[in-house]
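Accompanying notes for the structure given below.
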There are 2 protein chains.
Amino acid sequence: MTEQRARGGRPRGSTRERILDVALQLFNEQGYDKTSLREIAERLQVTKAALYYHFERKEDILLQLHLRLHELGREVLDRLGNLDAAADKTLAWMEMLDQFIDQIVANRDLFLLHQRNHNAFEVLEHSESHTAEHEDLEAQMRRLLADTSIPLTRRVRMASAIGAVLGALMGAGEAFPDATPEEVAEIVREIVRELLEQREKARV
Amino acid sequence: MTEQRARGGRPRGSTRERILDVALQLFNEQGYDKTSLREIAERLQVTKAALYYHFERKEDILLQLHLRLHELGREVLDRLGNLDAAADKTLAWMEMLDQFIDQIVANRDLFLLHQRNHNAFEVLEHSESHTAEHEDLEAQMRRLLADTSIPLTRRVRMASAIGAVLGALMGAGEAFPDATPEEVAEIVREIVRELLEQREKARV
DNA sequence: GTCTATATTTCGATAGAC
DNA sequence: GTCTATCGAAATATAGAC
């Protein structure tokens with residue numbers, strides 16, 4: 001029952017994937033830095049040295065988990081990129097956040113890892129492999145928000161919309177056990193629409 | 001110019017306070033776990049052993065920074081507690097978030113520490129000193145959001161409002177260099193009102 | 001691909017002089 | 001209150017047999 005939860009559409013059960021799954025689990029429980037390779041090996045019933053056959057360094061384990069997250073980011077950014085030059089980016093943003101919400105619901109543990117080990121991920125960026133197009137979803141969102149050709153109010157609303165999604169779906173933890181993730185997601189979608197829609201100022 | 005930034009209304013310049021300031025700085029740059037006492041000592045131009053005169057363990061440094069944050073939390077919770085039994089908690093929540101916004105603007109580095117070192121703070125809670133009333137602001141907010149006597153929609157909106165505040169004031173980093181923190185804060189206040197206000201459903 | 005054994009480094013923490 | 005010197009523990013990583 002614990003081994004069986006399928007992730008993505010990946011080769012299941014390979015030792016390499018099992019290492020990544022266990023690592024993700026432990027990193028979320030204790031944090032990346034506080035989790036030793038010894039602990040990962042013990043939970044997998046293998047020795048430390050076995051891990052080094054599959055990954056050269058501990059950091060590489062985190063890097064691979066980062067790539068899983070990066071794939072999700074590409075999906076979102078590709079859709080957004082097509083509409084980049086559109087005059088009104090509001091619709092594109094709403095669609096992006098809709099997809100973002102879906103991804104969080106489907107990959108909560110991966111987003112949790114990113115959120116709870118922010119510092120560990122930062123050193124990944126500052127090492128190799130971050131030559132150019134390897135840019136993070138978060139970094140690209142920041143660039144979006146820094147576009148001064150967009151009125152400040154709209155940019156702050158966009159940042160708040162992202163935060164609202166994370167706050168309801170991630171920050172609240174298991175605060176909504178009386179609701180399914182889809183129910184919560186639907187409420188958040190409505191909130192995003194409220195935050196981003198162009199209101200007609202002519203109303204009272 | 002770097003030494004002079006005043007924090008709170010505390011005894012400035014005492015070695016103990018300088019340790020805490022430098023530690024806060026380094027913890028935010030590299031993370032708590034990746035920051036060694038050697039580094040803190042070097043930046044302060046003292047030796048490691050000197051730190052141990054002021055703090056028994058490394059964890060105690062983090063604990064004191066936690067207490068700075070905890071004081072801010074008490075201020076918010078005291079105000080909220082008075083209105084706890086009110087029939088309509090909406091107004092209380094708005095006031096709380098207003099104060100929350102002020103605190104973030106005034107103590108961004110402290111909140112950053114809490115956000116970026118979530119795991120390190122967790123072990124603090126699970127050790128001593130967390131007997132009872134030492135409960136975290138975050139923990140109490142979670143209890144609030146878990147109150148099933150409140151409709152789900154309103155609780156999700158509350159969680160999103162908190163997230164919106166954090167997203168605009170913390171997550172966006174320095175994405176709004178063209179605006180003062182107060183300008184951004186004012187926009188966020190309006191967003192919070194929109195998210196929490198009781199809308200008259202009778203419209204359109 | 002996994003093991004045993006060990007090298008290497010760094011860290012948190014202490015003892016005791018000044 | 002700060003220093004020098006050092007200890008013990010734990011972590012990452014490697015060498016080489018099976």
Which whole-number value in Å describes the distance from [X] [atom1] to [N] [atom2]?
X	N	atom1	atom2	result
Ile61(A)	dA11(D)	CD1	P	14 Å
Arg57(A)	dT14(D)	CZ	C1'	14 Å
Lys58(A)	dT10(C)	NZ	C1'	14 Å
Asp60(A)	dT12(D)	CG	C1'	13 Å

Q: Decide salt bridge (Lys or Arg N to Asp or Glu O under 4.0 Å) for Glu122(A) and Lys34(B); before the verdict, give the C-alpha distance in whole Å, the side-chain angles of both, and the deciding distance to 0.1 Å.
A: CA-CA 12 Å; Glu122(A) 265 185 354; Lys34(B) 283 210 158 55; over 6 Å; no
Q: For dG1(D), take OP1 and OP2 only and decide whether either is under 4.0 Å from a side-chain N or O of Thr15(B).
A: no
Q: For Ala185(B), enumerate each residue passing the side chain to side chain contact (heavy atoms under 4.5 Å, CB included) test, keeping only those at least two apart in sequence or located in another chain.
A: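 Partners of Ala185(B) under the side chain to side chain contact (heavy atoms under 4.5 Å, CB included) test: Ile101(B), Val105(B), Arg189(B).
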Q) Mind checking what makes side chain to side chain contact (heavy atoms under 4.5 Å, CB included) contact with His54(B), not counting sequence neighbours? A) Thr15(B), Arg16(B), Ile19(B)
Q: Sort and list the pairs that fulfil salt bridge (charged side-chain N to carboxylate O under 4.0 Å, His left out) and have at least one residue in residues 160-180 of chain A, not counting sequence neighbours.
A: Arg108(A)-Glu174(A), Asp178(A)-Arg155(B)
Q: Can you sort out which residues in residues 46-55 of chain B have a heavy atom within less than 4.0 Å of DNA chain D? Ascending by number, please.
A: Val46(B), Thr47(B), Ala49(B), Ala50(B), Tyr53(B), His54(B)
Q) Can you list the steps and then say if Arg157(B) with Glu194(A) is a side-chain contact (heavy atoms from CB on, under 4.5 Å)? A) CA-CA 11 Å; Arg157(B) 281 180 171 272; Glu194(A) 285 181 24; 2.5 Å; yes
Q) Which is it for Asp102(A) and Asp98(A) under the side-chain contact (heavy atoms from CB on, under 4.5 Å) test, yes or no, and what are the steps along the way? A) CA-CA 7 Å; Asp102(A) 288 338; Asp98(A) 256 17; 5.6 Å; no
Q.
Counting only heavy atoms and a strict 4.0 angstrom limit, can you tell me which residues of residues 28-38 of chain B come near DNA chain C?
A. Thr35(B), Ser36(B), Leu37(B), Arg38(B)
Q. Closest nucleotide of DNA chain D for Glu39(A) versus for Glu56(A): which of these residues is on the 5' side?
A.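 Looking at DNA chain D, the more 5' nearest nucleotide goes with Glu39(A).
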Q | Derivation of the side-chain contact (heavy atoms from CB on, under 4.5 Å) call for Met170(A) and Gln115(A) | A | CA-CA 9 Å; Met170(A) 303 285 303; Gln115(A) 181 169 278; 3.9 Å; yes
Q. Parallel, tilted or perpendicular for Phe111(A) and Phe100(A), by the 30°/60° rule?
A.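 Perpendicular, since the angle between the ring planes exceeds 60°.
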Q. Hey, what bend do you get for the helix from dG1(C)-dC18(D) to dC18(C)-dG1(D) if you fit axes on five pairs at each end, rounded to 10°?
A. 10°
Q: State whether the side chain of Glu183(B) and the backbone N or O of Thr180(B) hold a donor-acceptor pair below 3.5 Å, judged by distance alone.
A: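 Flag set: sc Glu183(B) to bb Thr180(B) pair under 3.5 Å.
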Q. Of the options Glu29(B), Gln25(B), Gln30(B), which is the one that meets Thr35(B) in a side chain to side chain contact (heavy atoms under 4.5 Å, CB included)?
A. Gln30(B)
Q | Glu56(B) atom CD: more than 12 heavy-atom contacts under 6.0 Å | A | no
